[in-house]
Amino acid sequence: MDFKLNEEQTAWQMKARKFAAEVLRPRSLERDRITDAFGTWDWDIIKAGSKLGFRTSCVPKKFGGHEIDFVTQAVVMAELAKADSAMSKAFSQCWKWSHLISQACTPEQQERYLKPFMSDDTYVLGMGSTEHIGGSDNRLPPENIKSGMRLSGVQDGDYWILNGEKAFIANGSVGKLFFLNVRTDPNVMMRDGVTTFVIEKDKTPGFSIGKVFNKSGWRFYQNAELVCTNARVHKSNILGEVNGAMKRSVGDNSGDMFGDLELAANALGFCDDAVETAIKLAKTRTQGGKLLKEQQNIQLKINKMAMLTEALRSYVLRTAWEHDQKIKGTNAGLVMNYSTFVGQEVTELYLDVCDQPGVELDEHADKLVRDSFIWSHLAGDTVQQIRVAQKMLK
Amino acid sequence: MDFKLNEEQTAWQMKARKFAAEVLRPRSLERDRITDAFGTWDWDIIKAGSKLGFRTSCVPKKFGGHEIDFVTQAVVMAELAKADSAMSKAFSQCWKWSHLISQACTPEQQERYLKPFMSDDTYVLGMGSTEHIGGSDNRLPPENIKSGMRLSGVQDGDYWILNGEKAFIANGSVGKLFFLNVRTDPNVMMRDGVTTFVIEKDKTPGFSIGKVFNKSGWRFYQNAELVCTNARVHKSNILGEVNGAMKRSVGDNSGDMFGDLELAANALGFCDDAVETAIKLAKTRTQGGKLLKEQQNIQLKINKMAMLTEALRSYVLRTAWEHDQKIKGTNAGLVMNYSTFVGQEVTELYLDVCDQPGVELDEHADKLVRDSFIWSHLAGDTVQQIRVAQKMLK
Amino acid sequence: MYNLQLSAEQVEIRDTVRDFVTKELKPVAIKSARMEALDHTPLWAQIDQASQMGLRTLRLAEELGGSGADALTAAIVSEELAVGDPDAAAILAETSAVARVLFGKAMSKAQRDKYLPAFISDDRYHLAHAAAAPANELGINYHRASAAPTATVTAKASGGDFIINGTAAAVANAPLAKLIAVEAQVDGAKGISTFIVPAGTKGMSVKELPLGRYMGSMGEVTFKDCRIPADQLLGKGGEGVMLNGSTLSLQAINLGIGRAAYETAVDYAKIRVQGAKNIIEHQPIGTKLAESAIRLEVARNTIWKAAWLSDHPEALTDDMSSGLPIEAVSQVFVAEHIHRATKDCAECFGAMGVMRDMPLWKYIRDARMCLHSGAGVSDAKLVIAEAISGFRREGA
Amino acid sequence: MYNLQLSAEQVEIRDTVRDFVTKELKPVAIKSARMEALDHTPLWAQIDQASQMGLRTLRLAEELGGSGADALTAAIVSEELAVGDPDAAAILAETSAVARVLFGKAMSKAQRDKYLPAFISDDRYHLAHAAAAPANELGINYHRASAAPTATVTAKASGGDFIINGTAAAVANAPLAKLIAVEAQVDGAKGISTFIVPAGTKGMSVKELPLGRYMGSMGEVTFKDCRIPADQLLGKGGEGVMLNGSTLSLQAINLGIGRAAYETAVDYAKIRVQGAKNIIEHQPIGTKLAESAIRLEVARNTIWKAAWLSDHPEALTDDMSSGLPIEAVSQVFVAEHIHRATKDCAECFGAMGVMRDMPLWKYIRDARMCLHSGAGVSDAKLVIAEAISGFRREGA
């Protein structure tokens, strides 16, 4: 047993903490307030983070990246998310798919995709799987041929012609490279008929960005529609086998091992923010001339916030370590489910501590509550819970 | 970061697992059913565990003990509690006070108390602090001279004369050596007027055992009244300074560093029991000819049980490691609070999974629910929560 | 017109019962020795006294010698009795509910003439109803047709008599009932028939089920070539007489259990001193008690609504219950919230909250029993969900 | 007699309002563009229409030209309106509640003759009440005497007139009210006095408060040497006229918000397919919807009870409310459970549950606003706790 970070991990943590405090936090509420869904994005933030290595930190060293381990990834995510959860996710979304490139692409593809990614501070990655209809079927595929994604791919010589739409795609409006899961055989169950294509946005005729979704929380982070209208993709852009997308088992749960852990680590970050800010408030704000911290009900709320957050921290770091050890299991899924529960409970308690009579709604607490609610649809809904439970009950 | 147990820790874990499965589990429900409060105790279990080292495992090596570290302690407690939470506590209660002996007694006292403890398999330890009136005041002393314990001690030459009663004292009916917190100065605040005496039961005239409390759960584990009627104790049995009991700061929260962690580790054990048994049930019991595990609501319950239990495991082990590193903080208190919430939620869900229509109440699940409720009064009540919160808000 | 005021009669019976409970029932029921030994022997002296107050025959029609009380009044009475002793409350509620339908609707005049006088005049005359096992598999059958109830008891015509065989697994009041109505599948007939079998009939035996799992008294009833004359068949047979089946009395009893815990906790919190203040003056205890008070208050409203609707099925318009199965709504709400309330109330007591010679642990245990009684709240929620979706079970 | 049936009149007004909401109000209120832009501009066309239906003057006595509706009816109407648009519901409820007391009790005949005709005939004539700031420090003052409300607005007699100065921080309806009743401390007088000030009076300015924090419309009202004639003082002064102060309409609005979320979720769950089944046929979704249905049903019962008791204070006997402050009970229950229900209902929608052009996120946000409105549920629980312990605040 050892719960200490090593020197390299600590160095990354400190770098992230500094960047978060100096660059992310000062812009967090300001970006959140912007009404236009696309307008919340800020390339300056991405560029600044990219120069510090936060965009490319998961790329293997041989391609010029930093190849940080999972514990470091978790720690950095949490630090960035402590300043702004959605900004943190904008970076870690690139990690997810650079993981996938280094684990599932051929050397030729790696060369082709990683080179521009490494050299361009605004080169952002995404993955298109979800569609408007039947989103959960992709995560928990039923025994039904009609279920699952419909964006279709038909071979045409050395090319494939794609038609259809993806929805809610992370980094959709800003990404330059997308993995796209495409139904290449509609006559079999989804698990046997999906192929992953790599779409270079600027080099793919017929591929375009649709609507940008206007979320109630996580506003900095972009989700958009990806539209294929006879989009033409060369077969050299296929990842792995044709019809093999759902059989790929790089990691444990998502397309890569980082997926589930990422959300849990992110939640840990904003929980830390909530706990620290609430303690500060309780120690400085008064009611009737006395500090809030003197009230036992306030003490109980702080206790619960800290208790849940520290349990989450313990679980996140343990899971990250298990990832680094290549231990497979259900912890990544469970800690993700858990982070939903903890993130919402802690931020709602924070709002409650702020919620003194006669005091205006706290904008920061309200943002954290809105951000945390996104987890209900990513990490903690019943489909995600069932997916993990079914593994345990096999 | 390293979440692995080392070889010695694993060896203790395996030894505990075997003992728990072979000796504790087969007698767990049988002891629980006994109506008489004192009749639940079984010296054979204590003797068998003692021979394997579970009674004396925390005694320093120089006194013939095993001096296992906190991580090992947590792991062993959990293994024993997985078979029977109250039996586990009967052993770990001895650890608590052998910790105190080795940390706070003079070498002469250590020699005098540890010798009989080491050589007698039925030598069990206890600590008397709580009284019928104002129990919580001992944990959260108010600024009021009248508050706090009343069992009084008056000096009489080389002896002290003690009068009064302690209540709910763990191992009270079976212990041979007790630490007793005594109000030796009633004219000052409790924190300045309490002295700890070491009472050797057989050598202390005027000291006797009162009523044995009949608990609804944790039935194996004994709680009793300790009665002093002009009990005469030599001053060489004073632990530390006269009037210094409440100033002693050996560990973080309780009289020793193990206190809070102990309860969390114990809860982890019975949560493991609940999760494993529930999964087994779901995979074998049918409803309408189909396995329970096919029902999504059952899957959700299993998910929640496992999620909370794994979060607790992560937090317990981290805290144990922090203890070994002598890192002070609020985690021991928080993880204890947390174990109350988790232990009750997990066991109630287990009862719920068992609770199929037409099936009798599951005796095992019911026992776990009753055992877990004890935490409300030990580990998770608002006084314990406030105690931790006040540290964070200092 | 919407009106929440009870009638003078309802207030009177409530106050009378409350007084009886405070003075006679509760002091005996929560005796330390009794609780410590898990002793559930019926408190006969007090149950007899309650019978003399008319509580055994509460729901029986007035013209048959009962009080003709409606479901709302019965719920009020059950709550009050359960504050003192849930077992006594359960025994009386079961007899009273079965009597209402058995004597009031199910029996022929000849049957009534034969059994009613003894029932009226004997304070120890209790009733039981051994129902055909319900198809308790809603979980797996959610949104699918489920199997019809299966009769574990069968009957066969034999020379003008019936021969009954089989076992009814868990029958409330069976160990103490003087008359048991049993549902059986008659050989060759459609539907379920109900027979009345006096205690002591040759071939019928009752095994008392272990204490602590049920409220009141529960038994397994076994028939072994039990021969009964044809005139002990209710109606024409094959009709499946609905003798009780309501969970409302259990809900009201559950509420009474919660109230007992709450009242004890409030009394204690007003006198127990901690940190030089009464503990109710500490925010966390005050908050816990307030939350418990809310649970009780809202649970009572819900039970009363369900009871009133069962008394006034004509009012089941969409404005009253949004089309929901209101009894299931009430069951879930009451079971979950009273369980929580008893736990919170016990916490106010520190270690005394888990001692067997103190009542708190028993309140929790009883509330837990209610939470896990019958098919449990998970199934009740699925019943509600099917109603919401408009799913109709075939045959239901 | 206990009776849960609404009167024919109540059912009629409910159905009329429901119909109006479904056809006129809701389709406009939940337009994507409006929600996406966080646009809270009052929907004047619809609010005017509601006024013509009598909803602006709902609680005003019939003889004064209103509908004379009781609190229960008003709660029913507020719930229905809020299903469509909580802002419109809040604006109308505030005007209606203030009108009842202002015109019905507080004004002299001369004052009424002066202001009532315009109020009746003008659909845009709304009212506001700028109350003295309550002593919002219950937390720290739990079980201790608390300070009296402090008037942040003062008045000084001056040559037959009064000169008003000061700021009222958060006044519902202020930005759109044509008449504002303001509480002020008159120099040298005891107690609080209330003045009526028409919009546009020189020296009174209203600053609209940011959107999204309140239901309806909220403003800060500032008086700067605002001179008003003495005949705009209500009564003799120093009496502290209670013009509203009830949270019941907000509770009913909260319920309406929850119902909108629930109804949307049920509709969606019946048609959205996942795993080749409608999602309501999956146990977890069915269970979530059942739990939400329970919360709504029980919340409604609680609000109706509180409303009925406010209409029938003579019924406040111990059997009705156990001595609890029933409005606080209802406030806590409704706020906590509707918030949970909106979150659960949104979960059924997957990602659409967080999109600003869909209504779910707004239901959650509005419910969160209710949960954190005023002094919040933590304080309401302490109010209940003090009532349980029998603590009486000096001066209260």
Side-chain angles (χ1 to χ4, degrees), chain A residues 1-6 9 69-71 74-75 275 279 282-283 291-294 296-304 306-322 324-325 327 329-331 333-335 337-338 341-342 382 384-390 392-394, chain B residues 1-6 9 69-71 75 275 279 282-283 291-294 296-304 306-322 324-325 327 329-331 333-338 341-342 382 384-390 392-394:
Chain A
M1 278 297 310
D2 188 357
F3 226 77
K4 262 194 316 290
L5 300 179
N6 64 30
Q9 291 162 341
D69 63 12
F70 283 110
V71 168
V75 166
V275 173
I279 289 180
K283 290 165 87 168
L291 290 172
L292 287 188
K293 71 169 191 168
E294 292 185 29
Q296 292 190 327
N297 275 353
I298 298 283
Q299 294 167 9
L300 291 182
K301 285 169 193 170
I302 300 278
N303 173 288
K304 192 169 186 188
M307 174 186 95
L308 292 173
T309 301
E310 293 308 323
L312 179 59
R313 185 188 326 283
S314 312
Y315 201 4
V316 163
L317 287 174
R318 169 192 171 193
T319 305
W321 172 80
E322 289 182 354
D324 282 325
Q325 303 300 308
I327 296 172
T330 48
N331 279 329
L334 287 175
V335 74
N337 299 158
Y338 185 62
F341 162 73
V342 170
T382 54
Q384 295 286 36
Q385 290 160 17
I386 284 170
R387 201 166 59 103
V388 184
Q390 289 184 347
M392 284 187 277
L393 288 164
K394 250 186 197 143
Chain B
M1 275 297 309
D2 188 356
F3 225 76
K4 260 195 317 291
L5 299 179
N6 65 30
Q9 290 162 342
D69 62 13
F70 283 109
V71 168
V75 167
V275 173
I279 289 179
K283 290 165 88 168
L291 291 172
L292 287 188
K293 72 169 191 169
E294 293 184 28
Q296 293 190 328
N297 275 353
I298 298 282
Q299 294 166 11
L300 291 182
K301 286 170 193 169
I302 301 277
N303 173 288
K304 193 170 186 189
M307 173 186 96
L308 292 172
T309 301
E310 293 309 323
L312 178 59
R313 186 187 325 283
S314 313
Y315 201 5
V316 163
L317 287 174
R318 169 192 172 194
T319 306
W321 173 81
E322 289 182 354
D324 282 326
Q325 303 301 308
I327 296 171
T330 49
N331 279 328
L334 287 175
V335 74
M336 177 182 74
N337 299 157
Y338 184 62
F341 163 73
V342 170
T382 51
Q384 294 286 37
Q385 290 159 17
I386 285 171
R387 202 165 58 103
V388 184
Q390 289 184 346
M392 285 186 277
L393 289 164
K394 252 186 196 142

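Quick caveat, the model's predicted, so the values are computed rather than measured. Below, read A as the first sequence line, B as the second, and so on, with proteins coming before strands; counting in each chain starts at 1.
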*Residues that L291(B) engages under side-chain contact (heavy atoms from CB on, under 4.5 Å), provided they are two or more places apart*: T286(B), K293(B), E294(B)
*Under the side-chain contact (heavy atoms from CB on, under 4.5 Å) test, which residues partner Q390(A), sequence neighbours left out?*
L140(A), I386(A), Q299(B)
*Would you please classify the geometry between the F341(B) ring and the F341(A) ring as parallel, tilted or perpendicular, with 30° and 60° separating the classes?*
parallel
_Candidates L393(B), T330(B), V388(B) - the one meeting side chain to side chain contact (heavy atoms under 4.5 Å, CB included) with N303(A)_ = V388(B)
_Using side-chain heavy atoms (C-beta onward) and a distance below 4.5 Å, is M1(B) in contact with D2(A)?_
no
*asked:* Measuring only between side-chain heavy atoms, which start at C-beta, is Y315(A) closer than 4.5 Å to L312(B)?
replied: no
*Looking only at heavy atoms, which two atoms of Q325(A) and K4(B) are closest? And how far apart?*
OE1-NZ, 4.5 Å
*So which heavy atom on M307(A) is nearest to which on L334(B), and how close?*
CG-O, 3.6 Å
*If you count heavy-atom pairs under 4.5 Å between each of L300(B), I302(B), I279(B) and chain A, which one has the most?*
L300(B)
*Given that the side chain runs from C-beta out, which part of K301(B) has a heavy atom under 4.5 Å from chain A: side chain, backbone, both or neither?*
neither
*Are the side chain of R318(B) and the backbone N or O of E310(A) linked by a donor-acceptor pair below 3.5 Å?*
yes
